[in-house]
Amino acid sequence: MYRYWTLSGKPLGGWPDKDTFVLAQADVPKPAPGQALTRTIYISLDPYQWGYKRRGVDRPGLPCHARTVAQVIESRMQGFAPGDFVFNTNGWAEMGLMGEGVARPTYMIPRKLDPERGRISQGVGVLGMLGLTAYAGMVLLAEPRRGETAVVSAASGGVGQIAGQLARLRGARVVGIAGREEKCRYVRETLKFDACVSHLSPRFPGELRQACPSGIDVYFENVGGKVFEAVLPLFNQNARMTICGLIAHYGDPGDARAALMKKGEAIFKERHVTVKDLFVGDFVEKHHDAFLNEMEKLVASGALVYREDIRQGFENVPACFSEMLRGNNFGKMLVQVGDDPTN
């Protein structure tokens, strides 16, 4: 038997609570031809997963979706052998199948992870879809240029810390927006952003303006809400904005993006601000290999720093998920649920 977390079937509120998830058990499956059985080591917890649940992508009775790092136990899948470490989508489960006939988002393709090329936990972080999200949203969509000002919200989070450093490495002046002072200090001192402003400050709009004396040319949006409202009047002519996430609105009814676009409509039009939506699946086929080659070198050399917030214990997954949605994580949130023999 193995354990997994699933939706309870009770109506979902704006945010998860103690009745949202239940712990279930199932028999360990046998892999069919073209499949492999894997044990989960790390579960990635990301804001988009709450959207999956609210939109009905996740179903009661089935493991909640998540990207995972796992190890192959038994394989009938070409190219994968017992002992291999893999990126896959076991979800909130201690075990799972991958391969032919196993449901997954089409762009989340299982792949082997080489411990010699980076910590295996980074396969769901800086050296995985999370890193590609930051790379696509900042480098490919926003195209920061030397001397411009780039602002990143949720700057100490999994995506934000990478996106901001990529802008800095391309010569932009980078301003982060984060929460408590510990996070802002990390963004300034460790990530080497030029400035970081706390959205918790009662003087936040003025402090952001002071940190951006030449206005804002690039904005990487992870939050929405009052953070977006403070950024909006600072946009320069021909600024670019990438919408990666709107975590402040994930519990709201209605279309948060439409509301944001309406709020910004006049300034967007007047200042010719380009707004682009980011869906990482659009970039996997053409850009994943180039991204990974660049990112591996940056991480290995120390030119790009990456912080993980790794919690322990399968039974703690729902509580950690709620913490992450509230912004109480510090870095990329993962839960370790199995032994990592590479540590």
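Everything numeric in this text was worked out from a predicted model, so none of it was measured.
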Worksheet item: Is the closest side-chain donor-acceptor distance between Tyr135 and His288 under 3.5 Å?
Response: no

Discussion item. If the test is salt bridge (charged side-chain N to carboxylate O under 4.0 Å, His left out), which one of Arg173, Arg168, Arg240 qualifies with Glu148?
Written reply: Arg240

Discussion item. Are Val273 and Val151 connected into the same hydrophobic cluster when the rule is that any two of I, L, V, M, F, W, Y join if their side-chain heavy atoms are below 4.5 Å apart?
Written reply: yes

Fill in: Rounded distance [0.5 Å steps], CE in Met324 versus SG in Cys320
9.5 Å

Discussion item. Is the terminal nitrogen or CZ of Arg307 (NZ for Lys, CZ for Arg) located under 6.0 angstrom from the six-membered ring centre of Tyr186 and within 45° of that ring's axis?
Written reply: yes

Worksheet entry | Expected output: side-chain Arg76 to main-chain Pro31 donor-acceptor under 3.5 Å | yes

Practice prompt. Look up atom CD in Glu315 and atom CG in Leu23, then write down how far apart they are to the nearest 0.5 Å.
Written response: 8.5 Å

Worksheet item: Does one hydrophobic cluster hold both Ile177 and Leu191, with members joined at side-chain heavy-atom distances below 4.5 Å?
Response: no

Worksheet item: Would a line drawn from the ring center of Phe321 to the ring center of Trp92 be shorter than 6.0 Å?
Response: yes

Worksheet, complete the sentence: Smallest heavy-atom separation, Gly224 atom then Ala248 atom, equals C-CB, 4.3 Å

Worksheet, complete the sentence: When every non-hydrogen atom of Asp46 is compared with those of Arg67, the smallest separation belongs to OD2-NH1, 4.5 Å

Worksheet item: Mind checking whether Met129 and Leu141 sit in one hydrophobic cluster, side chains of I, L, V, M, F, W, Y counted as touching below 4.5 Å?
Response: yes

Fill in: Distance (rounded to the nearest 0.5 Å) between Asp84 CG and Lys112 NZ
4.5 Å

Practice prompt. Write down the atom of Phe21, the atom of Pro318, and the distance for their closest heavy-atom approach.
Written response: CD1-CB, 3.7 Å

Worksheet item: Ignoring hydrogens and geometry, is there a side-chain-to-backbone donor-acceptor pair from Arg180 to Leu200 under 3.5 Å?
Response: no

Worksheet item: Relative to the ring of Tyr4, is the ring of Tyr2 parallel (under 30°), tilted (30 to 60°) or perpendicular (over 60°)?
Response: tilted

Discussion item. I want to check a possible cation-pi pair here: Lys53 against Trp15, using under 6.0 Å from ring centre and within 45° of the ring axis as the test.
Written reply: no

Discussion item. Does Arg185 have more than 12 heavy atoms from other residues, nucleotides or ligands lying within 6.0 Å of its CZ?
Written reply: yes

Worksheet item: Roughly how far, to the nearest 0.5 Å, is the CD atom of Gln336 from the CZ atom of Phe314?
Response: 13.5 Å

Practice prompt. Indicate yes or no for a side-chain donor-acceptor contact from Asp114 to the backbone of Glu116 under 3.5 Å, with no hydrogens or angles considered.
Written response: yes

Worksheet item: How about Val72 and Met98: do any of their side-chain heavy atoms sit closer than 4.5 Å?
Response: yes

Practice prompt. Answer yes or no: is there a side-chain heavy-atom contact under 4.5 Å between Val275 and Met261?
Written response: yes

Fill in: CG-NZ distance between Leu169 and Lys192, expressed to the nearest 0.5 angstrom
12.5 Å

Worksheet item: Is the number of heavy atoms from other residues, nucleotides or ligands within 6.0 Å of CD (Gln210) greater than 12?
Response: no

Worksheet item: Between Gln161 and Ser156, is a side chain to side chain donor-acceptor pair (under 3.5 Å) present by the stated rule, with each step listed?
Response: CA-CA 5 Å; Gln161 59 181 312; Ser156 68; over 6 Å; no

Fill in: Phe193 vs Arg188 side-chain heavy atoms within contact, under 4.5 Å
no

Worksheet entry | From CA spacing to verdict: side chain to side chain donor-acceptor pair (under 3.5 Å), Gln25, Arg3 | CA-CA 5 Å; Gln25 289 188 326; Arg3 299 179 296 170; over 6 Å; no

Worksheet item: What's the verdict on ring pair (Phe, Tyr, Trp, His ring centres under 6.0 Å) for Phe283 and Phe291, showing C-alpha distance, side-chain angles and the deciding distance?
Response: CA-CA 10 Å; Phe283 299 90; Phe291 142 76; over 10 Å; no

Fill in: Neighbour count above 12 (heavy atom, 6.0 Å) for Arg326 CZ
yes

Worksheet item: Do the side-chain N and O atoms of Glu181 and Ser198 include a donor-acceptor pair separated by under 3.5 angstrom?
Response: no

Worksheet item: Looking only at atom types and distance, does a side-chain atom of Asp217 sit under 3.5 Å from a main-chain N or O of Thr149, one as donor and one as acceptor?
Response: yes

Item to complete: Give the intermediate values and the outcome of side chain to side chain contact (heavy atoms under 4.5 Å, CB included) for residues Leu208 and Leu234.
Response: CA-CA 9 Å; Leu208 181 63; Leu234 304 181; 3.9 Å; yes

Item to complete: Kindly work out whether a path of hydrophobic side-chain contacts (I/L/V/M/F/W/Y, heavy atoms less than 4.5 Å apart) joins Val223 to Ile267.
Response: yes

Worksheet entry | Whether over 12 other heavy atoms sit under 6.0 Å from Gln312 CD | yes

Worksheet item: Shortest non-hydrogen contact from Ser201 to Glu207?
Response: OG-OE1, 3.1 Å

Item to complete: Give a yes or no on whether Lys297 atom NZ has more than 12 heavy-atom contacts from other residues, nucleotides or ligands under 6.0 Å away.
Response: no

Discussion item. Donor-acceptor pair, distance only, cut-off 3.5 Å: does the side chain of Thr6 make one with the backbone of Leu62?
Written reply: yes

Discussion item. Looking at Phe204, is its backbone amide N or carbonyl O close enough to the side chain of Arg209 to form a donor-acceptor pair, meaning the two atoms are under 3.5 Å apart?
Written reply: no

Worksheet item: Do Arg117 and Leu127 come close enough that some side-chain heavy atom pair is under 4.5 Å?
Response: no

Item to complete: Carefully, step by step, assess Arg39 and Glu94 under the rule salt bridge (charged side-chain N to carboxylate O under 4.0 Å, His left out).
Response: CA-CA 6 Å; Arg39 68 170 188 91; Glu94 292 179 311; over 6 Å; no

Worksheet item: Does Leu260 reach the side chain of Glu221, with side-chain heavy atoms less than 4.5 Å apart?
Response: yes

Practice prompt. Please check if the side chain of Gln35 supplies one atom and the backbone of Glu100 the other of a donor-acceptor pair under 3.5 Å.
Written response: yes

Worksheet item: Got a sec: does the CD of Glu285 have more than 12 other heavy atoms crowding it under 6.0 Å?
Response: no

Fill in: Test item: Phe85 and Thr342 side chains (from C-beta on) under 4.5 Å apart, heavy atoms
yes

Discussion item. Determine whether Glu308 and Arg119 satisfy the following criterion, salt bridge (charged side-chain N to carboxylate O under 4.0 Å, His left out), listing intermediate values before the conclusion.
Written reply: CA-CA 11 Å; Glu308 296 171 313; Arg119 295 195 307 273; 2.9 Å; yes

Item to complete: Mark yes or no for whether Glu296, through its side chain, and Gly118, through its backbone, hold a donor-acceptor pair below 3.5 Å.
Response: no

Fill in: Donor-acceptor side-chain pairing of Lys332 and Ser44 below 3.5 angstrom
yes

Discussion item. For Tyr219 versus Val227, what's the shortest heavy-atom pair and its separation?
Written reply: OH-CG1, 3.4 Å

Item to complete: May I ask you to test the Val299-Gln122 pair for a side-chain heavy-atom distance under 4.5 Å?
Response: yes

Fill in: Contact check, side chains of Thr38 and Leu97, non-hydrogen atoms, under 4.5 Å
no

Fill in: Expected output: side-chain Asn293 to main-chain Asp289 donor-acceptor under 3.5 Å
yes

Item to complete: Decide yes or no on side chain to side chain donor-acceptor pair (under 3.5 Å) for Thr40 and Asn90, but give the supporting numbers first.
Response: CA-CA 7 Å; Thr40 309; Asn90 280 355; 3.0 Å; yes

Item to complete: Look only at the side chain of Arg271 and the backbone of Gln237, and say whether a donor-acceptor pair between them is shorter than 3.5 Å.
Response: no

Item to complete: Enter the distance from Asn222:CG to Ile247:CD1 here, rounded to the nearest 0.5 Å.
Response: 8.5 Å

Discussion item. Regarding Asp19 and Ser8, do their side chains bring together a donor and an acceptor under 3.5 Å, going by distance alone?
Written reply: no

Discussion item. Between Leu140 and Ile162, is there shared hydrophobic-cluster membership here, with clusters defined by ILVMFWY side-chain heavy atoms closer than 4.5 Å?
Written reply: yes

